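Let me begin by presenting the structure, written as structure tokens, before commenting on it.
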Amino acid sequence: MIRLDHLTKRYGATVAVDDVSLDIPAGAICALVGPSGAGKSTLLRLINRLIEPDGGCVQIGGAEAGTLPVVALRRRIGYVIQSVGLFPHWSVARNIATVPRLLGWETARIERRIDQLLDLVGLPPSLATRYPHELSGGQQQRVGVARALAAEPELLLMDEPFGAVDPVTRRTLQDALLEIQARTGTTIILVTHDVDEAVRLGTVIAFLSHGRLVQAASPAEMLRAPASAEVAAFFGGPRLGLRLLQTASAGERADFARTIAGEPVEAEAMLDEVVARMAAAGVTSLPVKDGQGRRGVISLDDVVAR
Amino acid sequence: MTHSTAQDGSLALPRARPGAPALAAAFILALCAVAGLAGFVSVAPNRLASGQPLPLWVASGPAVTFALVALAGLIAGLALAPRRPDRPLLVALASAMLVLGLVAATGEAATRLVAEGASGGGRLTRVSLGPAFWIWLVVALLVFADATGRIAALKLRFLLVLGLAAGLGGLAASGRLADLSLAREFAVNRDIFVEAVATHLGLTFGGLLLALPAGIAIGAYAAARGRRAGALFAGLNLIQTIPSIALFALLIGPLTALTAALPALRALGLAGIGAFPALIALALYALLPVARAVAAALTAVPPATLEAGRAMGMTRTQLAREVTLPLALPILLEMARVVLVQLIGLTVLAALIGAGGLGTFIFRGLGQTAADLVLLGALATIALALAAHLALGLLIGLARPQGAA
Ligand SMILES: Nc1ncnc2c1ncn2[C@@H]1O[C@H](COP(=O)(O)OP(=O)(O)OP(=O)(O)O)[C@@H](O)[C@H]1O
Ligand SMILES: [Mg+2]
């Protein structure tokens with residue numbers, strides 16, 4: 001779906017994006033991580049052509065982005081801007097309606113879509129008539145997400161979309177995003193500084209540093225074999241192993257041939273939750289049950305096995 | 001509510017703080033004493049003789065004096081009384097009545113004094129406005145401006161201001177003021193006066209229009225350049241530091257030389273004195289504020305908002321029309337108001353280089369020591385400036401985007 005081909009962008013002496021090549025398959029969620037100033041935002045801007053590359057190119061769905069009409073291209077790409085950037089003189093509803101209006105949707109359809117999106121990002125309908133300055137930072141950010149999703153874009157670029165919301169809401173929004181993604185098959189490129197978010201949402205994680213792509217791999221692979229000390233440090237250094245527990249579920253490791261007594265954990269629960277339960281109960285194995293009612297057992301050995 | 005809206009495109013001249021009504025009341029009481037003793041009108045046998053001051057009760061009699069003092073007392077009482085939501089409206093109405101009453105009283109006094117041939121001058125008797133009248137009038141107008149500024153509803157504010165203006169116009173048109181020396185001076189000069197107002201406005205707006213293209217270009221450049229445009233503004237600032245009279249005079253030399261060198265320009269009616277240099281001087285003065293306004297308005301649009309607009313797929317025109325303009329317009333109008341009021345005042349000086357306008361009356365009056373002539377020009381200039389201030393205030397109120405904090 002998206003192919004970055006030797007993409008380079010310079011600002012004077014700084015090389016913000018340095019010869020980056022990366023394939024992101026359709027329907028993937030690519031979590032873009034890396035230290036501040038690594039070039040993550042610049043990379044997103046190159047994709048929707050807010051800036052033009054100094055070298056290389058971006059291909060979207062097989063066509064070179066540089067050859068596509070830029071306005072039409074951008075209307076197909078949802079963009080959640082890092083600094084939110086809502087239109088201060090427009091109500092929440094009007095902000096969300098931006099792209100549908102540009103695309104000339106009918107009013108009734110736009111209104112339905114606004115209600116739907118407010119619900120999706122967990123904002124009450126009463127907020128629709130408010131103005132951005134009357135919202136909290138986290139609420140503004142969610143309006144920004146709703147605005148990006150409005151016209152059901154094929155590609156969604158999200159620059160730290162949930163940075164300002166509380167952890168519980170953040171998890172709800174992550175779930176909502178996963179659900180939308182599963183339903184619509186939208187390809188998502190998401191910049192985040194939250195390692196847990198990257199591991200939880202990313203089907204692939206791309207690590208950028210000083211404009212260069214250091215590593216691109218699935219979360220499990222990246223945690224198991226970080227390409228450099230910088231990547232390892234980013235994912236927790238000595239505690240990196242704990243994050244590895246977030247990449248697999250109990251069902252994947254359980255032995256369904258036998259079972260033991262006790263309160264079972266769900267098969268979808270991630271391994272970190274299993275370890276937490278073991279620590280709380282003072283045991284080294286727990287019963288597991290899955291959606292079909294099968295029962296099994298998972299032991300600490302299964303959890304740490306590679 | 002009242003307070004937040006009082007900040008929107010305020011029509012009032014002074015932006016008074018809460019508690020100012022009490023202050024205004026104290027003012028009125030103190031001034032009443034002074035104003036009671038000084039001359040309300042002054043009577044002279046003819047245009048050249050110096051006048052004899054008559055205090056209010058002598059000029060207008062006890063009934064009128066009592067009525068005016070009672071009205072002032074009512075305003076003071078309202079201002080000191082406990083707060084109530086309709087207080088600003090009541091104060092505004094009472095002070096508007098006081099203004100009208102004061103003006104009407106001078107007119108009545110003049111008519112009576114002239115009929116009596118008070119100073120032995122018969123029909124030549126001249127009744128002019130005295131210091132006590134001006135003190136009363138200024139205080140009443142200040143209270144009016146303050147009170148209307150506190151009224152939340154923009155429409156009501158405008159009705160009040162228009163009502164007062166119409167009342168004053170009506171008084172003048174009714175002939176009740178005809179015996180005041182100011183009115184006589186006006187009657188004699190009516191045609192040149194109308195022409196002077198037209199010329200004045202023509203010069204002001206002409207100067208502004210000339211300044212707009214360059215000002216907008218400089219402002220847009222400065223907005224794009226950020227801090228590096230500092231030198232540009234320093235240069236424009238230099239123009240502002242040239243004393244205004246000097247600037248008008250300085251242009252005569254080069255422009256005379258220019259038109260002498262290029263007869264084609266002279267054929268177009270351009271000359272070293274007259275409207276041409278006046279327009280250029282006014283445009284030069286307007287340049288800095290216009291450029292500042294454009295730069296301020298353009299940088300007031302958050303860059304993230306512009307980036308979002310572009311990223312959503314707005315075209316350049318859509319971005320300008322739907323985002324930049326609505327966000328920049330209130331600031332532009334706010335600055336336009338300042339520039340316009342400033343230019344209307346400056347245009348008075350254009351008369352010095354033969355360009356006409358209301359300055360003609362002021363400078364002719366100064367030359368002939370005819371105070372009424374000076375007053376005619378000055379009052380008209382003030383009225384124009386106030387009208388511009390109010391009209392743009394209305395526009396600002398209408399243009400303010402709802403979402404702006
Ligand atoms: N318009 C610009 N002009 C000059 N330099 C720029 C510009 N935009 C970005 N840069 C530089 O390019 C580099 C990458 O910036 P970018 O915004 O992409 O970083 P980032 O990875 O998004 O950082 P953060 O996590 O802090 O948002 C930085 O060194 C930055 O200073
Ligand atoms: Mg960034």
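Computed from a predicted structure; not experimentally measured. Labels below follow one simple rule: chain letters A, B, ... track the order of the sequence lines, proteins then strands, and each chain is numbered from 1.
Interface residue B:E322: backbone and side-chain heavy atoms are both found under 4.5 Å from chain A. Only the side chain of A:R45 comes within less than 4.5 Å of a heavy atom in chain B; its backbone stays farther off. Contact annotation for A:S83: both backbone and side-chain heavy atoms come within less than 4.5 Å of a heavy atom of chain B. Neither the backbone nor the side chain of A:R101 comes within contact range of chain B; no heavy atom of the residue lies under 4.5 Å from a heavy atom of that chain.
Heavy atoms only, all atoms of each residue included: A:Y79 and B:A311 are closest at CD2-CB, 3.1 Å.
For A:R3, the CZ atom sits in a loose shell: 12 or fewer heavy atoms of surrounding residues, nucleotides or ligands are nearer than 6.0 Å. Sparse packing is recorded around CZ of B:R316, with 12 or fewer heavy atoms of other residues, nucleotides or ligands lying under 6.0 Å away.
Of the inter-residue distances, the one linking A:N95 atom CG with B:T305 atom OG1 reads 9.0 Å to the nearest 0.5 angstrom. Going from atom OG1 of B:T315 over to atom CZ of A:R74 covers 10.5 Å, rounded to the nearest 0.5 Å. A:N48 CG to B:E307 CD: the interatomic distance, rounded to the nearest 0.5 Å, is 8.0 Å.
With respect to chain B, the highest number of heavy-atom pairs below 4.5 Å among A:L50, A:I81, A:V99 belongs to A:L50.
Judged purely by atom type and a 3.5 angstrom limit, A:R75 uses its side chain to pair as donor or acceptor with the backbone of B:G313.
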Next on the checklist: Between B:M314 and A:V71, is the side-chain contact (heavy atoms from CB on, under 4.5 Å) condition met? List the steps.
Outcome noted: CA-CA 7 Å; B:M314 287 187 185; A:V71 166; over 6 Å; no
